[in-house]
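A short worksheet on the structure shown next.
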Amino acid sequence: MKTESLIEIAKPGQRISREFYTRDVLEVAPDLLGKVLVVKNNDQSYYRYSLTEVEAYRGTEDKACHASKGKTLRTSIMFEEGGHLYIYLIYGMYWMLNIVTGPIGEPQAVLIRGIGDICGPGKLTKKLGINKLFYGEDLVTSERIWLEDTGIKPGYKTGPRVGIEYAGAHWKSVPWRYFC
DNA sequence: TCAGTGATTAGG
DNA sequence: CTAATCACTGAG
């Protein structure tokens, strides 16, 4: 399936349940492509966008993962059950939207880099109005943000993750970015 | 290429 | 308390 059609089609679907998120992040990340992100707007309408680009961050051994330095106040949600949101501010301006994956005790998350025709993790959160108030929100039960499965499974490519120069040669090169 | 902008974190 | 860092973006 082409990216073009993903941009146009954000059809209604069924809300994704817990079991989807509690799998390993390397299984969940590619499966997220084509899923529909639904966010409640201020005026009670809803934003609906297909996910087009994501990145996986996996455990304490992954030097690019914020949990690699252990549990802190900010990263504590990554140690919880998959399906929660990990939100943080970067460069004093941009909120990053991440979906926690895996079982309790295994810190993993997927950074959402692109939705619909919006490319860039900082731009999409600005558009959706995502901020620290969404920290810890549960996609399985939330009334204001969730994911739907429309049955669409787009083809995708992989590549190295972006913006992690500090992580060392190995972690900088693993192909854990997935995009349509 | 490079500045903007502020929460988070480790360290004294 | 201080100071460095940072999963980005847009302007030149």
Side-chain angles (χ1 to χ4, degrees), chain A residues 3 6-7 20-35 37 39 47 49-103 105-139 145 147 154 156-180:
Chain A
T3 306
L6 269 190
I7 291 169
F20 179 91
Y21 301 106
T22 53
R23 295 174 297 150
D24 189 275
V25 69
L26 296 183
E27 291 182 41
V28 178
D31 276 3
L32 281 170
L33 297 173
K35 299 296 183 288
L37 177 63
V39 182
Y47 287 114
Y49 288 101
S50 294
L51 303 192
T52 56
E53 182 176 0
V54 301
E55 278 177 1
Y57 290 86
R58 188 173 188 271
T60 51
E61 69 275 14
D62 176 3
K63 291 295 184 242
C65 181
H66 288 170
S68 65
K69 285 175 271 183
K71 191 193 258 188
T72 65
L73 184 59
R74 182 179 65 154
T75 62
S76 61
I77 194 66
M78 293 179 83
F79 291 78
E80 298 304 314
E81 192 172 44
H84 294 87
L85 295 186
Y86 168 45
I87 312 285
Y88 66 92
L89 185 69
I90 191 71
Y91 299 116
M93 287 180 243
Y94 306 106
W95 294 101
M96 298 290 104
L97 169 60
N98 297 254
I99 299 173
V100 175
T101 69
E106 283 192 34
Q108 307 179 338
V110 178
L111 171 66
I112 308 303
R113 296 196 70 89
I115 59 172
D117 57 351
I118 307 172
C119 301
K123 285 195 278 193
L124 69 91
T125 52
K126 184 177 180 186
K127 172 74 180 181
L128 296 174
I130 302 284
N131 56 38
K132 66 180 174 187
L133 298 176
F134 285 79
Y135 182 96
E137 196 81 0
D138 186 357
L139 292 176
I145 184 168
L147 282 179
Y156 63 89
K157 300 169 189 160
T158 65
R161 295 171 294 179
V162 174
I164 51 167
E165 295 309 304
Y166 59 88
H170 173 68
W171 297 108
K172 206 168 64 177
S173 66
V174 290
W176 289 357
R177 182 166 65 98
Y178 306 85
F179 56 102
C180 296

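The sequence lines fix the lettering, A, B, ..., with proteins before strands; numbering per chain opens at 1.
- Nearest approach of C119(A) to K123(A), heavy atoms of both residues: O-CE, 2.8 Å.
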So if I define the base as every atom that isn't primed, P, OP1 or OP2, how would nucleotides 5-12 of chain C read as a B/S/- string at a heavy-atom cutoff under 4.0 Å? -BBBSS--

Please test H84(A) against Y135(A) for side chain to side chain donor-acceptor pair (under 3.5 Å), starting from the C-alpha separation and ending with a verdict. CA-CA 8 Å; H84(A) 294 87; Y135(A) 182 96; over 6 Å; no

For residues 27-35 of chain A, which side-chain donor-acceptor pairs fall under 3.5 Å, sequence neighbours excluded?
unit_1 : atom_1 : unit_2 : atom_2 : d
D31(A) : OD2    : R23(A) : NH1    : 2.9
D31(A) : OD2    : R23(A) : NH2    : 3.1
K35(A) : NZ     : D31(A) : O      : 2.9

Name the atoms and distances for all side-chain donor-acceptor pairs under 3.5 Å in residues 158-169 of chain A, with sequence neighbours left out.
unit_1  : atom_1 : unit_2  : atom_2 : d
R161(A) : NH1    : A56(A)  : O      : 2.9
R161(A) : NH1    : D62(A)  : OD2    : 2.7
R161(A) : NH2    : D62(A)  : OD1    : 3.1
R161(A) : NH2    : W171(A) : O      : 2.9
Y166(A) : OH     : A64(A)  : O      : 3.3

In a table with atom names and distances, give each donor-acceptor pair under 3.5 Å that connects a side chain of residues 76-83 of chain A to protein atoms at least two apart or in another chain.
unit_1 : atom_1 : unit_2 : atom_2 : d
S76(A) : OG     : L73(A) : O      : 3.0
E81(A) : OE1    : R18(A) : NE     : 3.4

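- In terms of heavy atoms, I115(A) sits closest to T52(A) at N-OG1, 3.5 Å.
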Intra- and inter-strand pairing of DNA chain B, written as dot-bracket with Watson-Crick and G-U pairs under 3.5 Å and | for the latter, reads ||||.||||||.

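- E55(A) pairs by the side chain to side chain donor-acceptor pair (under 3.5 Å) definition with Y57(A), R113(A), not counting sequence neighbours.
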